[in-house]
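These notes are about the structure you will find just below.
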Amino acid sequence: MSKITKQKLLNSCMAAVVVLSSTLTPIIANAATTNTSSAVTRIGGVDQFETAALIAEKGWPEATDNVVLSSGMSNTLVDALAAGPLAAKLKAPILLTDGGQGLDLFTKAELQRLKPKKVYITSGTAVIKPSAIDEIKALGITPVPLGGLDQYETSVNIAKEMIELGTNVTKVVVAAGWMAPVDALSVSSIAATLEIPILATTQNELPSSVEEFLNKLNSITDSYVIGGTAVVGDGIKGALPGTVHRYSGVTKFDTNLEVLKGFANDVHYEKVYVANGETFVDALSGVPLAVLTHSPIVLGQSEWSSKMKDFLKLNNLLDFVALGGVAAVPDSVLKSLTDISNELPNSPVIPPATSPVTSPALPSAGGAVTTPPNPTVPANVTISNLQVNTDPANSLGTFSNGAVVDLSGLDDDVKVLGFSLTADQNCILQFKVLNNTQNIPLIAGQQKIVTVGDLITGGQIQGGLDLGAFRLVYNTKTLRGELLKNGTSAGTLTITLKFKN
């Protein structure tokens, strides 16, 4: 169903402008994905329900087998605190509904478009009413209820469902479930990317349902507590299995930064999603979309702290997506982000992998001072004959290391297979993607073909990918690998793919 049809459907049932509760900022932007600058886009509807539907359209333009349905109201949002990792495991969008007797109209329209076989429901019938569930059944969709007696049991039910779906749980995130779930949503896209379930807790004692679940798991190596002792006490931290890490700050924004720093090596920063730090309901809907690009979610601020600015600059963040309308993420917030981006140098300096110590200068036989060569510092590797391999083959030619390869003129159904290149020395080309390290041997003078799976997804996707799939989530994608000789850096391979204008 088109956006215009859905807007008419809403208008026919509403005689006045949508007014949300006092704890939710009303969202009044156009119901569309609109450009606000070359580096910033926005996905925002008339309310959180349409925003969730628009996010689903962005990430899932075709039908999908599964959808996660959560409550979109502030007083019941804690039920959905753990929904992000489940949605990622299912490769499903998150849609929202209210506490009414029927489904929200935008949500129902989106379900009709997506035609899922199952809807996973993350609240009990006290929140998402039986009549709304009956409406789902009437659409020919099977509901999968995961709501428990409370938000704590619900988070356990969601974790158990992830295990049933094949997740090997070795790590858990623990966040406050007795208050607004902003800390959980700070980490949600990262936890979802890494397939780590999120468990809810009270302030000072693990709920019995959570404790029982953890006691039955013998595989936990790490537990991550999100938030300070005012929200998750040290007594809980001491009761958790494995190595326990706490990410917290003075404010929720500080905690968001500490989470981003703590998991900096586990996500990609080419694209960053920005959500309201007070209402955060749009952050929930945005989680599965962010996971498609292994991207983090940043809580928007009217004034960015110097530490957050430094972090954004350090990671060369250039592509921001606002989740929600202008009342949720004001244009002033987006302008401040582009101002930060504009302070970045055109060519970021990449520090060397090592800082070798050179030998002291020695006098030569003629009395002149010379510096002997350091045998531990190899000469830089030169890359030549760099090409993008596609099916069908393209006529783009060869590129130099560091170039931007413009693929915007190729059709959506063209498959990107990978790259071929030639090194002038024997070396290892190393890519670090998520928790995986890909070491690709290069032999001097011999052409090497590097697959999409090796170069982009850390081996998770071995075949070619249609350009259309890339264009759903990327404008550009920069790939950077380290060239290693005897474990020491001998340069980098950098190439930027431009997918669309």
Side-chain angles (χ1 to χ4, degrees), residues 24 27 43-45 47-61 63-74 76-99 103-104 106-123 127-128 132-133 136 141 143-147 151 154-155 157-159 161-162 165 181-182 184-193 195-198 200 273 275-276 279-293 295-297 321 323-324 328 472-473:
L24 283 175
I27 300 171
I43 307 174
D47 58 17
Q48 66 268 48
F49 307 106
E50 190 187 19
T51 293
L54 291 172
I55 290 171
E57 285 188 16
K58 181 70 174 178
W60 289 263
T64 184
D65 286 342
N66 302 299
V67 166
V68 174
L69 180 66
S70 297
S71 170
M73 305 308 293
S74 60
T76 53
L77 199 57
V78 289
D79 287 345
L81 143 161
L86 172 65
K89 184 64 180 177
L90 293 165
K91 297 180 174 60
I94 295 177
L95 296 177
L96 305 176
T97 194
D98 55 26
L103 291 171
D104 174 79
F106 286 119
T107 299
K108 184 174 181 178
E110 190 62 9
L111 286 174
Q112 290 171 322
R113 184 188 72 82
L114 290 169
K115 298 179 175 62
K117 297 175 182 176
K118 294 181 180 180
V119 169
Y120 292 75
I121 301 171
T122 63
S123 285
V127 176
I128 298 180
I133 297 174
I136 292 172
I141 303 169
V144 181
L146 297 174
Q151 61 266 45
T154 296
S155 71
N157 290 346
I158 290 173
E161 188 67 25
M162 290 177 63
L165 293 167
V182 62
L185 292 176
S186 278
V187 76
S188 191
S189 69
I190 298 171
T193 295
E195 292 193 10
I196 302 175
I198 299 174
Y273 290 84
N276 187 294
T279 65
F280 37 79
V281 63
D282 298 321
L284 169 64
S285 305
V287 167
L289 183 62
V291 170
L292 294 179
T293 50
S295 299
I297 291 177
V321 180
L323 299 172
L472 289 175
V473 289

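Count residues from 1 along the sequence.
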Query raised in the report: Is there a side-chain contact between Met162 and Pro85 (heavy atoms, below 4.5 Å)?
Result: yes
Requested in this report: Please answer whether the main-chain N or O of Leu95 pairs with a side-chain N or O of Thr107 as donor and acceptor at a distance below 3.5 Å.
Outcome: no
**Report entry** N/O donor-acceptor pair under 3.5 Å between Trp60 side chain and Ile55 backbone
**Finding:** no
**Report entry** Ser295 backbone acceptor or donor facing Ser189 side chain under 3.5 Å
**Finding:** yes
Report summary line: When every non-hydrogen atom of Ala200 is compared with those of Gln151, the smallest separation belongs to CB-O, 4.1 Å
Requested in this report: Walk me through it: do Leu69 and Ile136 pass the test side chain to side chain contact (heavy atoms under 4.5 Å, CB included)?
Outcome: CA-CA 10 Å; Leu69 180 66; Ile136 292 172; 3.7 Å; yes
Query raised in the report: Backbone N or O of Lys108 within a donor-acceptor pair of the Arg113 side chain at under 3.5 Å?
Result: no
Query - Exercise: identify the closest heavy-atom pair between Leu54 and Gly44 - result: CD1-O, 3.6 Å
Query raised in the report: Hey, is the main chain of Asp104 close enough, under 3.5 Å, to the side chain of Thr97 for a donor-acceptor pair?
Result: yes
Report summary line: Correct closest heavy-atom pair for Ser71 and Ile128 would be N-CD1, 4.1 Å
Requested in this report: Kindly compute the distance separating CG (Leu103) from CD (Gln112), expressed to the nearest 0.5 Å.
Outcome: 9.5 Å
**Report entry** Shortest non-hydrogen contact from Ala184 toward Leu81
**Finding:** CB-CG, 3.6 Å
Query raised in the report: Side chain of Gln48, backbone of Val281: donor and acceptor closer than 3.5 Å?
Result: no
Requested in this report: Verify side chain to side chain contact (heavy atoms under 4.5 Å, CB included) between Thr279 and Asn276, making sure each step is shown before the conclusion.
Outcome: CA-CA 6 Å; Thr279 65; Asn276 187 294; 3.4 Å; yes
Query raised in the report: Going through the checks in order, is the side chain to side chain contact (heavy atoms under 4.5 Å, CB included) test met by Ile121 and Val144?
Result: CA-CA 6 Å; Ile121 301 171; Val144 181; over 6 Å; no
Report summary line: side chain to side chain contact (heavy atoms under 4.5 Å, CB included) filter on Ala83, not counting sequence neighbours, yields Val68, Ser70, Ala80, Ile94, Thr122, Leu284
Report summary line: Sorted by chain and number, sequence neighbours left out, salt bridge (charged side-chain N to carboxylate O under 4.0 Å, His left out) with Glu161 holds for none
Query raised in the report: Do you know which two heavy atoms are closest between Ala192 and Val291, and how far apart they sit?
Result: CB-CG2, 3.5 Å
Query raised in the report: Looking only at atom types and distance, does a side-chain atom of Thr51 sit under 3.5 Å from a main-chain N or O of Asp282, one as donor and one as acceptor?
Result: no
**Report entry** Val287 backbone acceptor or donor facing Ser188 side chain under 3.5 Å
**Finding:** no
**Report entry** Leu165 and Leu86, any side-chain heavy atoms less than 4.5 Å apart
**Finding:** yes
Report summary line: The single option from Asp65, Asn66, Ile141, Val67 that satisfies side chain to side chain contact (heavy atoms under 4.5 Å, CB included) with Lys117 is Asp65
Requested in this report: Run the numbers on Leu289 and Lys58 for side chain to side chain contact (heavy atoms under 4.5 Å, CB included), then give the verdict.
Outcome: CA-CA 8 Å; Leu289 183 62; Lys58 181 70 174 178; 4.2 Å; yes
Report task. Give a yes or no on whether the backbone of Glu50 and the side-chain of Asp47 come within a donor-acceptor separation of less than 3.5 Å. Result -> yes
**Report entry** Nearest non-hydrogen partners of Leu96 and Ser285, listed with the distance
**Finding:** CD1-OG, 3.4 Å
